Q: 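Pasting a structure here, questions to come.
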Amino acid sequence: MRRTAATTSGKRRMTRTGASRQCEDQEMPAVYQEMLAEAEARDPHAFDSTRQIKRRRVQTADAPSRPPGSSTNDTRETRGEEAAQAVQTVYDSPSSEESDMEWEEVDLEQKSSRAGVLSGSSPAAGQDEDSIQITLDAPTAQRQKTVSRKPISNAERKLRLDIHKVHLLCLLHHVQIRNLWCNDDHLQGFLKQMLPRRIISLLNPPEDKPQHVRSTTFVDGLNQASEIFLRRFRITSPGIQRPHWAENLEAVTHKAESIMADTEVFLSKDDFLEQARNLRGSRDFGAQLFCALLRSAAVEARLVCSLQPLPLSGAVTDRTPAKKSHSQYITTSSDDREVSTDKRSPSDTAPSRPRRLARPQLVPSRPRKVTSTRPARRESSYPVFWVEAFNEMVQKWIPVDPLVTKSLAKAFKFEPPSSDPYNCMSYVVAFEEDASARDVTRRYTKAFNAKTRKLRVETSKNGEQWWLRALQFYEKPFLEDRDIAEMSELTSKTAAEPMPRNIQDFKDHPFYALERHLRRNEVIFPKRVIGQVSLGKSGSKHEKLEPVYRRSDVHTVRSADKWYRLGRDVKLGEQPLKRVPASGPRELDDNGTAAETAMYALSQTEVYTPPPVVNGRVPRNGYGNLDIYVPSMVPPGGVHIPHPNAAQAARILGIDYADAVTGFSFKGRHGTAVFEGVVVAEECHDAMREVLAGLDDQQAQAVSDAKSMEMLQLWKTFLLKLRIAERVKAYAIEGGEADGEVTDDEMAEMEGGFLPESDPDEGGGFLPESD
DNA sequence: TTGAGAAATCCAGCTTTGCACGTC
DNA sequence: CGACGTGCTTTGCTGGATTTCTCA
């Protein structure tokens, strides 16, 4: 049998190595033995052909399930299973050739023989199992790798963006509420007792002193107020923390539970005020009280919050492992096969899993639960809430954080490193006493353009508008000088941001661009190098310098065809800025070079002017119609009438017209032109309008006529039926008593039986006969 | 520890002026 | 026999984005 296979299915055989052909019988066992020995888990020459790859894949896929079978302690069962699997394998490969069938048989036999070898030759079944399980590691590891690499789907990405936005809005409102609570008179009155009169006077320096003296006095006052507050306020519960995406509902609930276990919740202003009297709570609460404290001393104070919304993307690291471990445990207990999966998983996935689990998602929650007795929970060493006090003397807002960083006027101390699992700075919003708010992120971030911006909605489509609109709600009715000054300060700070020193920060950077990040349809022109970025370790032999360009010199380019679709024409004599390999079937020219498409920038094009309408003659393209992709493509002296009856009207008028192609539909394999009305000479516009009105009237009339006809038909049917019924009734009376009884009873039924038949369709068939 | 680069994977965008066949 | 209507080849392919892993 095997021999036959070898000779007949020559093709298949060819692909195999000669050696493998010779020892076909022993091949499988040999391979398996090798595998068992864990020497060459995936011996390449064992299955070496393109076709075989398919088969191998099947087998490897099956493989993991097989060893578990053997681990059921029943070798006979194992064999049966293998046989079944062999058949499967067979089934898979024959798709290509019939001779494969023979092949399969070979396979089968080999496998069963191998099974025999396994059960017979291997002395200890347990050993066998072990070794088999080990061999399986390789494929499984691969499979799991692929699974874990699965990127999030587009739908989920959209969902995340939406949730991110909603979360932002909620957080904004949350801070606003707290900000307004800080204005409470009772609260301020209570807090004010904390401040000695001396400090209050420091915070409000006399106006007759020189400016710089007043300024230092004010700062001194802030300093002392912070110290006092720090001494009085006790941090007893956690504040807001950076959130992460959870994989499933279970994780969410779990997390929610653990958060709610020790989080401070103020359901109302009264709660808030009451807790304020204790002077204890979260660091966030502390910052809010400090804000109220400063306001009580007539200091203009802003409540500042680094909003912690759910991130736009990422966090897959702490999602997949959780899921995987979960599912694995389930399968483990459920089925023999998975037993091996289970045994396997500790060996190869476990090392990485705990590490991942220890990442953001679970760590904050687990310890929280466990440590409910001991408040050793971890929190970021950077605040989420702090205060900005307005130094009138220098017209500047001074950041003050009495509790966490214990800093004053040190804006650079607030940004946590991106690796901080508990705090991420992406939006910093400052709320003033008058309930207005401003985005002051730029004051606190070191690399807004290069890094922070990528965490914000600005990276999404129309994200910038969205954020501006969201903040518009909190905008002041009119801006004061100091607001303008602050805005320009923030802008200039961003503009002064140094050039990134690594490649990835250049990606999507608003000011700089690298050639390597250009899209297919982008080009840098003119090529003005404005800097260099070093690749590789500085000083190492691999170090290379890559030129940096302005983002404003990056242009979108299109092919002449594409520009034509937009109603633009490449100017005469313009040379393409770029050439890209043509899309579609990759065919080589006679020269052996792939076809290329020339690309032009917007500035190289002008609005396309079609040939004009002359003497009522409308110009046409090669297809006998006219391209009107944009309104500007209507020829001079012509007019586009996008009416479905326009062609008919033009024919009635006997004037020249051209069908207008406005686009293409791609329902079929080939795009088909979409026609929308016609183009006629301008002078015929009025006539066309009249004719079209007439046609519309006619159409309306026709519709109404059809309706009347339908009504009349219905009446006709109805009358006819009445007549039939009458006739039948007459027969019944003539026919005597018995008939009469029947008639009365069955009349209804008869009619009942008639009616469905005479319903719309069939009634039509019935009537002509009766006529 | 950080970042560059490779690999794996999915998705969006591009395609861009029919045709065969059946019925009336 | 011709006009007309309907349904299907539906394609793929590729670039870009994202994520993870490895290595320097």
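Because the structure is a prediction, the values reported are computed rather than measured. Numbers restart at 1 for each chain; the letters A, B, ... are given by sequence-line order, proteins then strands.
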Q: So, are R516(A) and E546(A) salt-bridged, with charged N and O less than 4.0 Å apart?
A: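 Yes, this pair counts.
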Q: Would you kindly give the CG-to-P distance between N521(A) and dA12(B), to the nearest whole Å?
A: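 One finds 18 Å between P of dA12(B) and CG of N521(A), rounded.
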Q: Between C1' on dT19(C) and CH2 on W245(A), what's the gap in Å once rounded to a whole number?
A: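 Taking atom C1' of dT19(C) as the reference, CH2 of W245(A) is at 17 Å.
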Q: When you look at NZ of K410(A), are more than 12 heavy atoms from neighbouring residues, nucleotides or ligands closer to it than 6.0 Å?
A: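 No, NZ of K410(A) has 12 or fewer neighbouring heavy atoms, counting only those of other groups under 6.0 Å.
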Q: Do the side-chain N or O atoms of R519(A) get closer than 4.0 angstrom to the phosphate oxygens (OP1, OP2) of dA17(C)?
A: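 Yes.
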Q: Would you kindly give the CG-to-P distance between L312(A) and dA17(C), to the nearest whole Å?
A: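 In whole Å, dA17(C) P and L312(A) CG are 16 Å from each other.
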Q: Quick one: L159(A) CG to dC11(B) P, roughly how many Å, whole number?
A: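 After rounding, the gap between these two atoms is 15 Å.
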Q: Should dT17(B) be called syn or anti, with syn set as within 90° of 0?
A: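 You should classify dT17(B) as anti.
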Q: For D508(A), answer base if it contacts any base atom (sugar-phosphate contacts may also be present), sugar-phosphate if it contacts only those atoms, and nothing otherwise; contact means non-hydrogen atoms under 4.0 Å.
A: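 D508(A): no heavy atom of the nucleic acid under 4.0 Å.
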Q: Do the ring planes of Y564(A) and Y608(A) sit parallel (below 30°), tilted (30 to 60°) or perpendicular (above 60°)?
A: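 Ring orientation of Y564(A) relative to Y608(A): perpendicular.
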Q: Could you tell me how far apart I503(A) (CD1) and dA6(B) (C1') are, to the nearest whole angstrom?
A: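 Computing the I503(A):CD1 to dA6(B):C1' distance gives 16 Å.
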Q: Whole-Å distance between dT19(C) C1' and R160(A) CZ?
A: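 From R160(A) CZ to dT19(C) C1': 12 Å.
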Q: What is the distance, to the nearest angstrom, from the CD atom on E546(A) to the C1' atom on dG3(B)?
A: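 Atom-to-atom, E546(A) to dG3(B), this comes out as 14 Å.
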Q: Base, sugar-phosphate alone, or nothing: which one does D627(A) contact when heavy atoms must sit under 4.0 Å apart?
A: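 Base contact - D627(A) has a heavy atom under 4.0 Å of at least one base atom.
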Q: Between dA24(C) and dT1(B), how far is it from one C1' atom to the other, in whole Å?
A: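 Looking at atom C1' only, dA24(C) and dT1(B) are 12 Å apart.
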Q: Would you classify D561(A) as touching base, sugar-phosphate or nothing, given that sugar-phosphate means primed atoms plus P, OP1 and OP2, and contacts are heavy atoms under 4.0 Å?
A: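 Counting heavy atoms under 4.0 Å across all strands, no contact is made by D561(A).
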Q: Among the candidates dT17(B), dA17(C), dG3(B), find the nucleotide nearest to the side-chain atoms of Y629(A).
A: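 In terms of side-chain proximity for Y629(A), the closest of dT17(B), dA17(C), dG3(B) is dT17(B).
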Q: Among the nucleotides dG16(C), dT15(B), dT17(B), which one has an atom lying closest to any side-chain atom of K562(A)?
A: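 Of the options given, the side chain of K562(A) lies nearest dT15(B).
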Q: Report the nucleotide, chosen from dG15(C), dA4(B), dT17(B), that has the shortest atom-to-atom distance to any side-chain atom of Y623(A).
A: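 The closest nucleotide is dT17(B).
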Q: Charged N to carboxylate O below 4.0 Å: is that the case for R620(A) and D656(A)?
A: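 The answer is yes: the pair qualifies as a salt bridge.
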Q: Is NZ or CZ of R442(A) both nearer than 6.0 Å to the six-membered ring centre of F448(A) and within 45° of the ring axis?
A: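 Relative to the ring axis of F448(A), which defines the angle, R442(A) lies inside both limits.
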Q: From the set dA17(C), dA4(B), dG15(C), return the single nucleotide nearest to any side-chain atom of R520(A).
A: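 Closest nucleotide among those given: dG15(C).
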Q: Quickly work out the K454(A) NZ to dT19(C) P distance and round it to whole Å.
A: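 Value for this atom pair: 14 Å.
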Q: Less than 4.0 angstrom between a side-chain N/O of R516(A) and OP1 or OP2 of dG5(B), yes or no?
A: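 So the side chain of R516(A) is within the cut-off, an N or O lying under 4.0 Å from OP1 or OP2 of dG5(B).
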